[in-house]
2 protein chains.
Amino acid sequence: MKSTIKDVASLAGVSVKTVSRVINNEPNVRPAMQDKVNKAVAELNFKRNPLARGLRGQNSFILTLLYSNPNPSYVLELQNGAIEQANNDGYNLQILPCDHTNENLIDNIESIITHSSQDGFLLTHPLCDNEDIIALLDKNNIPFVRISPFHQEHSSPYVLSDDKQAAYEITKYLISLGHTDIAIIKGHPDFGATHKRYEGYLEAMNEMNINVDDALVKQGQFTFESGEVCARQLLTQDHKPSAIFASNDYMAAAVLKIAAQMHINIPANLSVVGYDDAPVSRQIWPSLTTVKQPIYDIAKHAVQKLIRHIKKQEFDDVQSKFQCKLVLRNSTSPKL
Amino acid sequence: MKSTIKDVASLAGVSVKTVSRVINNEPNVRPAMQDKVNKAVAELNFKRNPLARGLRGQNSFILTLLYSNPNPSYVLELQNGAIEQANNDGYNLQILPCDHTNENLIDNIESIITHSSQDGFLLTHPLCDNEDIIALLDKNNIPFVRISPFHQEHSSPYVLSDDKQAAYEITKYLISLGHTDIAIIKGHPDFGATHKRYEGYLEAMNEMNINVDDALVKQGQFTFESGEVCARQLLTQDHKPSAIFASNDYMAAAVLKIAAQMHINIPANLSVVGYDDAPVSRQIWPSLTTVKQPIYDIAKHAVQKLIRHIKKQEFDDVQSKFQCKLVLRNSTSPKL
DNA sequence: TTGAAAGCGCTAACAC
DNA sequence: GTGTTAGCGCTTTCAA
């Protein structure tokens with residue numbers, strides 16, 4: 001049977017409180033006592049009952065990861081990093097998928113936070129830019145950490161990857177290959193990443209004094225289908241690009257499809273870059289030059305930040321910024 | 001503040017036990033009482049504290065989804081279905097990723113089940129064919145439902161999709177297009193699905209009296225890279241196939257890559273089919289003819305089965321089998 | 001530095 | 001049909 005704190009106490013010949021002190025690393029316990037308790041804990045293979053702990057104390061040691069994101073590999077990497085770190089720190093992670101376009105979103109979330117007990121929230125974009133959600137968490141005094149927010153006014157801590165810088169670099173890379181007619185397919189306007197990536201693109205173009213023709217800027221939605229539409233426009237209009245920066249890999253894959261249908265050789269006659277290093281970027285031919293965000297590390301760090309925030313212990317910067325990595329593959333080549 | 005059962009009791013002017021009876025739908029409460037309690041519950045927006053409930057009762061209302069699977073879209077669909085159904089039935093779902101190749105797998109799982117409280121496990125393949133895990137759960141008397149097991153001897157309930165039938169159908173489809181030199185790239189031998197899909201292929205070939213040349217049967221690993229290796233062999237050896245059945249979409253995508261490099265036109269000169277309806281099957285050109293498993297429904301059903309199993313209430317079949325759907329896209333065409 | 005006792009919110013057991 | 005009481009395993013007073 002499962003051992004309880006009482007079992008440990010009687011085996012060690014001390015009071016339950018002393019056991020509690022030892023397992024919680026509280027001060028004021030003599031080393032001799034600690035040894036006795038630790039031995040008993042080991043012998044009985046004792047672990048605290050998290051339910052009882054949560055019921056008694058004011059914290060449940062449950063962290064909630066709230067997301068609304070159609071990118072499975074992104075979400076899974078986020079989950080894995082967050083679970084890893086949470087477990088390391090003695091927390092459980094509750095996974096909470098939701099749909100940011102759902103009308104009842106706020107009500108759903110409210111029902112969850114009012115009637116279960118989580119110590120904190122991890123909010124991914126685009127949810128972390130939703131003012132109603134933020135207001136709700138603030139109202140209920142629930143600590144949260146935002147992952148990749150676009151708006152950064154709020155005083156809560158956040159973690160992000162330097163999307164603008166990465167977009168700048170990948171655009172510079174295309175320019176370094178000799179391209180000047182570089183089109184961009186933007187992402188969904190609700191996502192902060194969309195704007196940051198566009199800014200990085202613009203900065204690189206401006207810095208190199210390359211004029212950005214409006215006709216080379218297309219509004220996508222981050223979906224494969226939107227990528228197809230934009231690619232078809234770009235490759236049939238008067239001003240045709242020699243390189244296309246798609247704001248994610250799904251849309252970049254769509255460019256490859258349209259190019260194949262039009263018998264445009266990639267990368268010989270058209271260079272294409274994506275963003276995210278999604279599985280498809282490796283599963284397609286030519287494989288995509290793209291940008292890899294350190295999602296796993298971001299998630300781990302966000303959990304650490306959240307726990308610090310919950311414990312109000314150490315001082316921590318409000319912002320943590322992670323650098324992305326360019327991944328050079330086969331969809332780009334020097335301009336002929 | 002959060003309301004408790006006591007608040008409800010005093011507002012309704014009844015005892016806590018009566019409130020407990022009402023919120024748990026127990027019998028022997030007069031309608032008038034029920035009304036009073038329900039009104040108070042609504043007014044206070046009361047919800048049970050799951051921690052207290054779990055601590056007191058012998059069940060925690062936590063179900064654990066244990067998986068070890070490199071396919072993000074599969075895992076996420078599974079999660080979503082399971083979460084949906086669990087929440088509907090008043091359970092929480094704990095997500096537990098693990099690595100089936102990890103040496104300490106059993107110890108890790110044992111540490112989890114010994115010292116936290118879950119009412120039941122959902123086991124996906126290949127974990128559900130791991131005898132050590134099954135023995136561990138049996139030893140601890142934890143109910144579990146297996147998802148897509150290969151070995152079906154164990155008496156615990158399981159849910160699966162009819163992989164053999166789907167593989168049979170997609171092979172028949174290729175045959176119906178006039179193909180006879182149909183190669184198969186098998187999946188990782190540790191996965192039950194690998195064998196079922198191979199069986200379905202063999203059955204279709206045998207039924208149509210088509211001899212299966214060993215040279216057309218390649219051992220893959222479900223990875224893109226293994227698909228590349230097999231495709232290169234198939235397309236360079238003496239006996240070249242006119243159609244290839246890859247046991248999943250990743251490997252099918254790899255076939256497309258190798259074919260592109262060898263300037264083999266798909267589907268005109270080579271038909272390719274995959275399995276799983278993974279995102280890549282839509283993000284690649286030509287898009288893949290493949291098989292869609294009803295993963296979401298399988299997950300929901302598995303949760304229902306698990307809850308019934310936990311409650312030992314209704315009789316339920318040990319096996320639930322779901323049919324897959326052929327998805328016809330652009331990677332297949334009649335043999336020239 | 002240590003321990004006894006109370007109680008978190010709920011449900012099971014038992015009384016009425 | 002309804003209420004009282006005990007106690008799940010733990011941590012938090014507060015006293016020693």
**Student:** At what distance, to the nearest 0.5 angstrom, does CE of B:Met33 lie from OG of B:Ser15?
**Tutor:**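 So the CE of B:Met33 and the OG of B:Ser15 are separated by 8.0 Å.
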**Student:** With a strict under 4.0 Å distance from non-hydrogen atoms of chain B, what nucleotide opens and what nucleotide closes the contacted stretch of DNA chain C, reading 5' to 3'?
**Tutor:**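 First-to-last contact on DNA chain C, by the 4.0 Å heavy-atom rule, is C:dG9 to C:dA13.
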**Student:** Rounding to a whole Å, what distance do you find between B:Glu26:CD and D:dT2:P?
**Tutor:**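 Checked: the CD to P distance equals 13 Å.
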**Student:** Output the rounded distance in Å from CZ (A:Phe61) to C1' (D:dC10).
**Tutor:**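 From A:Phe61 CZ to D:dC10 C1': 11 Å.
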**Student:** When you measure from the side chain of A:Asn130 to the backbone N and O of A:Asp132, does any donor-acceptor pair fall under 3.5 Å?
**Tutor:**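 Looks like yes, one N/O pair under 3.5 Å.
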**Student:** Say whether, by atom type as modelled, one donor and one acceptor occur between the side chain of B:Asn69 and the main chain of B:Asn71 under 3.5 angstrom.
**Tutor:**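 Side chain of B:Asn69 to backbone of B:Asn71: a pair is present.
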**Student:** If you fit an axis to the five pairs at each end of the helix from C:dT1-D:dA16 to C:dC16-D:dG1, how big is the angle between those two axes, to 10 degrees?
**Tutor:**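 End-to-end axis angle for the helix from C:dT1-D:dA16 to C:dC16-D:dG1: 40°, rounded to 10°.
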**Student:** With no hydrogens and no angle check, is any side-chain donor or acceptor of A:Asn59 less than 3.5 Å from a backbone partner on A:Asp119?
**Tutor:**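 Checking the backbone N and O of A:Asp119 against the side chain of A:Asn59, no donor-acceptor pair under 3.5 Å is found.
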**Student:** At less than 3.5 Å, do the side-chain atoms of B:Arg21 and the base atoms of D:dT2 form a donor-acceptor pair?
**Tutor:**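 Indeed there is one.
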**Student:** As a test of reading the structure: which of D:dG9, D:dG1, D:dG3 is closest to the side chain of A:Thr4, going by heavy atoms?
**Tutor:**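 Comparing D:dG9, D:dG1, D:dG3 against the side chain of A:Thr4, the answer is D:dG9.
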**Student:** Please pick, from D:dT2, D:dC10, D:dT13, the nucleotide with the shortest atom-to-atom distance to any side-chain atom of A:Lys17.
**Tutor:**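 The closest nucleotide is D:dT13.
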**Student:** For residues B:Phe150 and B:His125, establish whether the separation of their ring centroids is below 6.0 Å.
**Tutor:**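 Centroid distance B:Phe150-B:His125: not below 6.0 Å, so no.
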**Student:** Just how far, in rounded Å, is P of D:dG9 from CG of A:Leu44?
**Tutor:**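 Going from CG in A:Leu44 over to P in D:dG9 covers 14 Å.
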**Student:** Does a side-chain N or O of A:Asn24 approach OP1 or OP2 of D:dT11 to a distance below 4.0 Å, or not?
**Tutor:**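 Yes.
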**Student:** Under 3.5 Å, side chain of B:Asn104 to main-chain N/O of B:Asp107, donor-acceptor pair present?
**Tutor:**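 Not a single qualifying donor-acceptor pair exists.
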**Student:** Would you compute the distance between atom CD1 of A:Ile310 and atom NZ of A:Lys305 and round it to the nearest 0.5 angstrom?
**Tutor:**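 If we round to the nearest 0.5 Å, A:Ile310:CD1 and A:Lys305:NZ are 13.5 Å apart.
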**Student:** Expressed in angstrom and rounded to an integer, what is the separation of A:Asn49 atom CG from D:dG7 atom P?
**Tutor:**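 Atom-to-atom, A:Asn49 to D:dG7, this comes out as 18 Å.
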**Student:** Without swapping roles, check the side chain of A:Asp7 against the backbone of A:Ser3 for a donor-acceptor pair under 3.5 Å.
**Tutor:**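 It does not hold such a pair.
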**Student:** Could you check how far CG of A:Leu55 sits from P of D:dG7, rounded to whole Å?
**Tutor:**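 That distance rounds to 17 Å.
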**Student:** Look only at the side chain of B:Arg146 and the backbone of B:His154, and say whether a donor-acceptor pair between them is shorter than 3.5 Å.
**Tutor:**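 The answer is yes, because a donor-acceptor pair under 3.5 Å joins these two groups.
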**Student:** When the distance from CD1 of B:Ile5 to P of D:dT5 is rounded to whole Å, what number comes out?
**Tutor:**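 It is 16 Å, rounded to the nearest whole Å.
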**Student:** 5'-most contact on DNA chain C: A:Met33 or B:Ile23, nearest heavy atom basis?
**Tutor:**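 Here A:Met33 is the residue nearer the 5' end.
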